[in-house]
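What follows is a set of notes on a single structure, which appears directly below.
Both counts, for ligands and for their atoms, begin at 1 and track the order of listing. Keep in mind that what you see is a predicted model, and the values were worked out from it rather than measured.
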Amino acid sequence: MADILEELEKRRDAARAGGGAARIAAQHARGKLTARERIEILLDPGSFEEFDMFVEHRSSDFSTDKNRIPGDGVVTGWGTINGRMAYVYAKDFTVLGGSTSETHAQKICKIMDMAMQNGAPVIGLFDSGGARIQEGVAALAGFGEIFKRNVLASGVVPQISVIMGPCAGGDVYSPALTDFVFMVQGTSYMFITGPDVTRTVTHEDVTPEELGGSLVHTTRSSVADGAYENDIVCLEEIRRLYDFLPLNNRAPTPAWPVEDDPRREELSLDTLVPDSANQPYDMMELIRKVSDEADFFEVAAKFAPNIITGFGRIEGATVGFVANQPMALAGVLDSDASRKAARFVRFCDCFNIPMVTFVDVPGFMPGTAQEHGGIIKHGAKLLFAYAEATVPKVTVITRKAYGGAYDVMASKHMRADVNYAWPSAQIAVMGPKGAVEIIFKKEGPDAIPGRMKEYEDRFLNPFVAASRGYIDDVIRPHSTRWRLARALRMLKNKQVAQIWKKHDNIPL
Ligand code: HXC
């Protein structure tokens, strides 16, 4: 028996060594942790149960039979994050660049199948060069099986991808199919094809950072939802995000013990909206002031900052916040903001996370850039997402709610449940200047100031909408947290009967 135990330990040690000391040192020298070190930070201490550490690839082409490393370049298993179950896989760059072979893919599929069956999220830590080139179609088939499971698991369990090294091919496509993608600044890259192939095909000379670094993907492509300065900070932030997420689409929203009184009044909110309609203010202040302990996890902060999306809590339970940000482009809805918010709304709806929407929107962004870029279709995505969502939806209009953007931003007409307005709300087809210049054009420029006053007196308040029941109540800003808490309590058991359909056809 002693011999067998010794043999077991020897085999375990071989698997734990991955690609060997030199490659581990190279990984560290690049400022990256190893797959196992990452899992240790992500999961609660001592909670990781590993599967398949003795799996080896079956290929022999290109002498690969001389390079069989137990585990085959991916560490898989499950553990807990603050006591809640999570399935995890971490690609090991020290083994053939973390590349995905047939058996490597099978290990990941096993984890994904368990996650769907047992109802817990999947977190993938990526550091990999894509399909293992030596395995040809077997590796492609492996990726196909992963992609299929990404799609089947979508809306069943949350899926989070963390990009922690150079990632290419299938190792960026699979993340793109998941709910959230996060990156590490300076050490992680995402591209379908790397700089060398790019140079050959398009004659562009680009660095990995320029082609697919975290700055590109968090600010321009919107492939990634956030980036952090190093592996440790990144994994700690994933733990923080995890605490907001339900385990699956039938599980309750997590609720944590909280000391923050839901009745807490915030008198400073009474003066948050400036007297001048064109002066910006920070909508983040409102989100933080209504959230428990001001704790807010922002999603896609650097992309389309004119809309804020993220998770907070009220009475200990997760809330998805969407809010126009007057500090960026006056909070206008453009194509990027619409796409960003639509995706977030759909995530919340999949996983029964109640939504709070704060509205201060001057309308949709005009101009050829937006029109030619398809704002009609992108704006429609947000409208569609809000209208189809059946989770509890509570809306507060703080200032402007103009035109189509009024309708889109979780208005009563998009099936929002409770719609509040602050006394400073202005709900109209458009701002006074534009409106008066159209409807009183014939009266000439001298008539404009008087007509503007008339328009402002009539429309720039919440009471016209309230008199029609589109606004349920005009509330005092300082009481917003308590009014939201009450509305969310009231909606706790919301049920919506749906007309049968296979699925809808959101404008993509
Ligand atoms: C087999 C691979 C590999 C791969 C890297 N390696 N990628 N082995 N298959 N896909 C190996 C290297 O040979 C090397 O082994 C070790 O991993 C480290 O790689 P380096 O190139 O030395 O590292 P680095 O300079 O950091 O560059 C990392 C990289 C680059 C950017 C990921 O390796 C690269 O471009 N790899 C190929 C990317 C790619 O085109 N993949 C196929 C995608 S197609 P040694 O032993 O020399 O240290 C795909 C299809 C899926 O995925 C379907 C999509 C829809």
**Item:** Salt bridge present between D92 and R36 (N-O < 4.0 angstrom)
**Value:** no

**Request:** Determine, for K32 against D231, whether the closest basic-nitrogen to carboxylate-oxygen distance falls under 4.0 angstrom.
**Result:** no

**Item:** Distance-only donor-acceptor check, side chains D334 and N306, under 3.5 Å
**Value:**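 D334 vs N306: donor-acceptor pair found between side chains.
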
**Message:** Hydrogens and angles aside, do N150 and S174 bring a side-chain donor and acceptor to less than 3.5 Å of each other?
**Reply:**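 Indeed, the side chains of N150 and S174 share at least one donor-acceptor pair under 3.5 Å.
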
**For L235, the option from N230, I39, I41, L43 that meets side chain to side chain contact (heavy atoms under 4.5 Å, CB included)** =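 When N230, I39, I41, L43 are each tested with L235, the side chain to side chain contact (heavy atoms under 4.5 Å, CB included) holds only for I41.
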
**Prompt:** Does the gap between the ring centers of F321 and F344 come in under 6.0 Å?
**Reply:** no

Starting from the N and O atoms of ligand 1, find every protein N or O within less than 3.5 Å and list the pair with its distance.
{"from": "ligand 1", "atom 1": "9 (N)", "to": "I133", "atom 2": "N", "distance (Å)": "3.1"}
{"from": "ligand 1", "atom 1": "10 (N)", "to": "G129", "atom 2": "O", "distance (Å)": "2.9"}
{"from": "ligand 1", "atom 1": "10 (N)", "to": "A131", "atom 2": "O", "distance (Å)": "2.9"}
{"from": "ligand 1", "atom 1": "17 (O)", "to": "G97", "atom 2": "N", "distance (Å)": "3.0"}
{"from": "ligand 1", "atom 1": "26 (O)", "to": "R30", "atom 2": "NH1", "distance (Å)": "3.0"}
{"from": "ligand 1", "atom 1": "26 (O)", "to": "R30", "atom 2": "NH2", "distance (Å)": "2.8"}
{"from": "ligand 1", "atom 1": "41 (N)", "to": "G129", "atom 2": "O", "distance (Å)": "2.7"}
{"from": "ligand 1", "atom 1": "46 (O)", "to": "R23", "atom 2": "NH2", "distance (Å)": "3.3"}
{"from": "ligand 1", "atom 1": "48 (O)", "to": "R23", "atom 2": "NH1", "distance (Å)": "2.7"}
{"from": "ligand 1", "atom 1": "52 (O)", "to": "A131", "atom 2": "N", "distance (Å)": "2.9"}
{"from": "ligand 1", "atom 1": "52 (O)", "to": "G170", "atom 2": "N", "distance (Å)": "2.8"}

